[in-house]
Amino acid sequence: MHGSVKLLIGLGVVGGLLVGADRIAVGVAEDQAADAAVSSGWMTSRPDVEIDDFPFLTSALSGELDKVVMSSDGMTVTDGKETVTVHSFRANMSDVKFTDSYRGVTVGRGDGQGVISYQDLSKFVAGAAGGQIALEYAGPGRVKTSVLGATVEGKLHSEGNEVVVDGFELGGLATKLKPVVGDLLKPRRFALTGLPTGLSLSEAAPEPDGVRLRFTLAPGTTLGH
């Protein structure tokens, strides 16, 4: 075997070992980040963590990661009374810097999103309305409910950290129901609390499978000890 071929084989073996070591290291780091998210109270349930940097060891030695993604189906939010689950929650973090001897990180930029079902959303609105009200999707930016057999449409949007349901109008013969159901269809709003530190609501948008919540992450948010 020619010396050049042996050299190439040797380099290939070494390269494979280095890549393997890098993947092991990133796996350990992802586990530690997931643990830190829970131990610091940033999330109540252990998320899945994905670190996109490659090679990871080079980024780790520099003390900074380009992108980290945390996802979970167990995140919850509350309005102070009812607690519901945010499905398919995903937080995208950029310019992530290690702190406290690699036991924590500070996030430069980030955002997130997740979905709450209409059944869960209705718990918030029913509580605010002081009675039962079941919401469903009625098109972009709109929701609907049934009141005494009549279908009524309204709007759903966000204002700051609050989700607002308003704009319900009775039409046709249903207008005769206004004295009976007028209070039930008044504008309702509720603030989402219990969000991970640094996350704030930026948008609430009705979609066929639920209400899409979008969040922004405050620069400088710290995860870990």
*Closest non-hydrogen atom pair, Leu135 against Tyr118*: O-CB, 3.2 Å
_Quick check: closest heavy atoms across Trp42 and Pro196, and the distance to 0.1 Å?_
O-CB, 3.0 Å
_Determine whether a donor-acceptor pair (N or O, by modelled atom type, separation under 3.5 Å) exists between the side chain of Ser158 and the backbone of Glu162._
no
*Residues two or more places apart in sequence or in another chain: which of them pass side-chain hydrogen bond (donor to acceptor under 3.5 Å, both in side chains) with Asp209?*
none
*Kindly state each residue pair satisfying side chain to side chain donor-acceptor pair (under 3.5 Å) with at least one member in residues 136-145, sequence neighbours excluded.*
Arg142-Glu153
*Tell me the salt bridge (charged side-chain N to carboxylate O under 4.0 Å, His left out) pairs involving residues 63-78, sequence neighbours left out?*
Asp52-Lys67
*Would you say the side-chain atoms of Asn161 pair up with the backbone N or O of Leu201, donor to acceptor, closer than 3.5 Å?*
yes
*So, do Phe215 and Leu195 sit near enough that their side-chain heavy atoms are less than 4.5 Å apart?*
yes
_Non-neighbouring partners of Glu159 that pass salt bridge (Lys or Arg N to Asp or Glu O under 4.0 Å), sequence neighbours left out_ = Arg189
*Residues which pass side chain to side chain contact (heavy atoms under 4.5 Å, CB included) with Thr216, listed by chain and number, not counting sequence neighbours*: Ser200, Ser202
*Starting from the C-alpha separation in whole Å, work towards a yes-or-no answer on side-chain contact (heavy atoms from CB on, under 4.5 Å) for Gln32 and Val49.*
CA-CA 9 Å; Gln32 290 180 338; Val49 178; over 6 Å; no
_Non-hydrogen atoms of Ala37 and Pro47 that approach each other most closely_ = CB-CG, 4.0 Å
*asked:* I need the minimum non-hydrogen distance between Ala204 and Val211, along with the two atoms involved.
replied: CB-CG1, 4.2 Å
*Does any N or O in the side chain of Ser94 come within less than 3.5 Å of the main-chain N or O of Arg109, such that one atom is a donor and the other an acceptor?*
no
*Can you name the nearest heavy-atom pair linking Ala29 to Ile51, along with the distance?*
CB-CD1, 3.9 Å
*Does one hydrophobic cluster hold both Phe98 and Leu217, with members joined at side-chain heavy-atom distances below 4.5 Å?*
yes
*Any chain of hydrophobic side-chain contacts (each under 4.5 Å) joining Val143 to Val84?*
yes
*Find the distance between CZ (Phe89) and CG (Leu199) and round it off to the nearest 0.5 Å.*
5.0 Å
*If you look only at pairs with a residue in residues 190-208, which of them pass as a salt bridge (charged side-chain N to carboxylate O under 4.0 Å, His left out), with sequence neighbours excluded?*
Glu203-Arg214, Glu207-Arg212
*Nearest-0.5 Å distance that lies between atom CE in Met75 and atom CG in Leu213*: 8.0 Å
_Heavy-atom side-chain contact between Arg46 and Asp31 under 4.5 Å_ = yes
*Atom pair CG (Asp111) and CE (Met93), whose distance is rounded to the nearest 0.5 Å*: 10.0 Å
*Donor-acceptor pair, Thr106 side chain versus Thr222 backbone, under 3.5 Å?*
no
_Pairwise distance CG(Leu192) to OG1(Thr78) - rounded to 0.5 angstrom_ = 9.0 Å
_Minimum heavy-atom separation for Glu82 and Lys123, please, with both atom names._
CG-O, 3.9 Å
